[in-house]
Structures are given as C-alpha cells and as structure tokens.
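Below is one structure, written out as structure tokens; comments come after it.
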Amino acid sequence: MSSPIKMILDCDPGHDDAMALVVAAKHADLLGVTTVAGNAPITATTRNARIILDMIGSTAPLHQGARRPLVAEPKDAAYVHGESGLDGADLPEPSRPADSEDAVQFIIDTCRKTEGIWLVPTGPLTNIALALRTAPDIASKIAGISLMGGGTFGNRTTAAEFNIWADPEAAAMVFDYGGKLIMSGLDVTHKLQATPERIDKVRALPGKLAGVLADLFVFFSDVYVSRHDNMRGGAVHDPCAVLALTHPQLFTMKDQHVVVETSGEYSRGMTLVDMRGLKERKDPNCAVVWDVDAEAAFNVIVESIGAFSS
Ligand code: RIB
Ligand code: CA
C-alpha cells in the first residue's frame, strides 16, 4: 500500500472546492490548505474553507492568499455559488482563524522542506504563480501541479473556463513552469455530474455533515440544470484535480501541449490544446484529463463524505 500523496490544496470554496477538500482530507496527506479569491472574494473563500475544515474535523494548516489576480480585475462567480460563495445550506460559524494571510510563503516554505509534494489548485492560479515567481527553485522540488481549469470550451466565455479566465497571466505562468502538470478541464469535469440519484447517496449517509453537503450539492446542481441545455446535475469540477492523483485509474489522460491565451479579444483565458495529428506539433507540457469513470469517482466522493459524517 503506497503512502498517501502529499498535497497542498489551493482553493476558492466554492461548492465543488468544498467536495475537493473532503476527498483530499480522506485520501491524501493534506499538508495545508490555501485560499484564493475566485468564486467569491478572499474573505468569503477563506471563511468557507475554515467552515469546511471545521465540519470534517481537519486541523490542516490554513493560509489565506491572493485577494486579486496578477493583472485582471477581480471577478467572482456569485451567479453560480451565491454571494457567500457557499450558498444553499445551513452552515456553522467557523471556529478558528486562518493561520496566516501569506499563503504564498506557506506554499514556498512547505515545498522547500517537503519532498514529493503536489500542488492542487482548484481556483484561479494566482497563489501558485506568485509562489513560482517568488521562489523559482520550487519548480524542480515539487512532484507536480494537478489543477482544475481550462478545457476545449469555456464556461465564463465561449472560449475560457472560469479559473483560467479569472487570472490568465497566472495561468500562463503555471502552464509554462516546466514541471509535471495535470489539467482537469471542463471536457472531463462536465462528465462528473451530481445527478439526483448521486445526491441521494450523499443524503442517505448518517450524520449532519452529509445533510449539509447534500444541500450544497442540490443548490449547485439546481444552478447548473437551470443554466444548461442537457445537464442532470452540477459538474463536480474540483474533486477531479484531487482524484486524478489519488485515483488515477478512474481517469483517461493524454500528454499534450497546452498554452494559455492572454491577449485575445474573444479568447483571453482560453487553454489551447494542440490536438493536431502532425508530427511537428509542440512537445507536451501537460497531461490533459479527457475522461472519467463518473459513477466510481462520485462513489469515492460519497465514501469520503461518509468517513467524516457521523
Ligand atoms: O469553472 C469551474 C471552476 O471555477 C471550479 O473550480 C469552480 O469552483 C470555480 O472555481
Ligand atoms: Ca474552485
């Protein structure tokens, strides 16, 4: 039995970030959680991370990070996650403050002193880019970066997925960092939907946590079903970035070259995947995740929730 993967989860909770936290706490060696502005302003995403960590009884270090992108103007996703960033459930007040407001230094320090750590960003890539720019040495120290973001289509614009669109300059730095990179984009995350039958499995678990997370799934899914032509539930994006490391057997990935557009009038924030059947195509810099055994992956999410809900 191999030892759990060491990781820092960099997130913007966010309903699906919350589920990623639960899965990481159960199946990874969660060395820390850092927050970034994205789905909601930094104070909200940090508060939400504190609440989720409380609810699962995690004492993982929590450090607040960037309150705005490197260059872009701050934008949120309240139209999906609500004004709080985690609307739709009766949540407790957080019990503990963040350990610091310097997530970037925490990421740098932890990467320097820990062999084989993965960085798992599930929000805009601002913190990760700042850490790599401040301490370029960590690029060769970390095991890699497994991110949720991008894809061959967008959700915030025609071309761009929210995490990349929110901070394209940061994303471009991450995709160019030179180390191992796994991209779980919309092509795979839209295949992992919180359908009513799957939410019922969460609801059927014992304990308060399961009820709260089922309520969050319902809120999140109602938004997705109302906004999309043919979806039966919310796309459970962020756990894919964790599961691609903890349960790689559930995913199909392909090494390909991906570049981030930072200047296009209509394509800013787009991740351009080189899918040409040409030998002259660019060398891969990323493992692009294309497919998932959705039933099995969602069952891991259910089992992870069950482990903390009693
Ligand atoms: O586009 C989906 C991504 O943007 C997810 O990470 C969601 O939480 C938001 O951050
Ligand atoms: Ca997120």
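Counting starts at 1 for both ligands and their atoms, following the listed order. Computed from a predicted structure; not experimentally measured. Both backbone and side-chain heavy atoms feed into the values below; hydrogens, waters and symmetry mates do not.
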Can you find a side-chain donor-acceptor pair between [X] and [Y] that sits under 3.5 Å?
{"X": "Glu261", "Y": "Ser263", "result": "yes"}
{"X": "Thr126", "Y": "Asp167", "result": "yes"}
{"X": "Thr34", "Y": "Asp10", "result": "yes"}

Quick check: closest heavy atoms across Ile145 and Ile128, and the distance to 0.1 Å?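 Of all heavy-atom pairs spanning Ile145 and Ile128, the closest is CD1-CG2, 3.9 Å.
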Might you list the protein residues in contact with ligand 1, defined as having a heavy atom under 4.0 Å from one of its atoms, sorted by chain and number?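 Ligand 1 is contacted, at a heavy-atom distance under 4.0 Å, by Asp12, Asp16, Asp17, Asn39, His81, Thr122, Met148, Asn155, Glu161, Phe162, Asn163, His237, Asp238.
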Less than 4.0 Å between a side-chain N and a carboxylate O, is that true for Lys113 and Asp109?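 Looking at Lys113 together with Asp109, the answer is no, because their closest N to O distance does not fall below 4.0 Å.
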Can you tell whether the side chains of Arg47 and Glu93 come within less than 4.0 Å, N to carboxylate O?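 Counted as a salt bridge, because a side-chain N and a carboxylate O are separated by less than 4.0 Å.
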Is the distance between the ring centroids of Phe220 and His81 under 6.0 Å?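 For Phe220 and His81, the ring centres are under 6.0 Å apart.
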Sorted by chain and residue number, which protein N/O/S atoms are under 3.0 Å from the Ca ion (ligand 2)?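 Correct list: Asp12 OD1, Asp17 OD1, Asp17 OD2, Thr122 O, Asp238 OD2.
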Report whether Ile107 and Ile182 are members of the same hydrophobic cluster (ILVMFWY, side-chain heavy atoms less than 4.5 Å apart, transitive linking).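 Different clusters.
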Axial cation check for Trp118 ring with Lys180, 6.0 Å and 45° limits: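 No, a cation-pi geometry is absent between Lys180 and Trp118.
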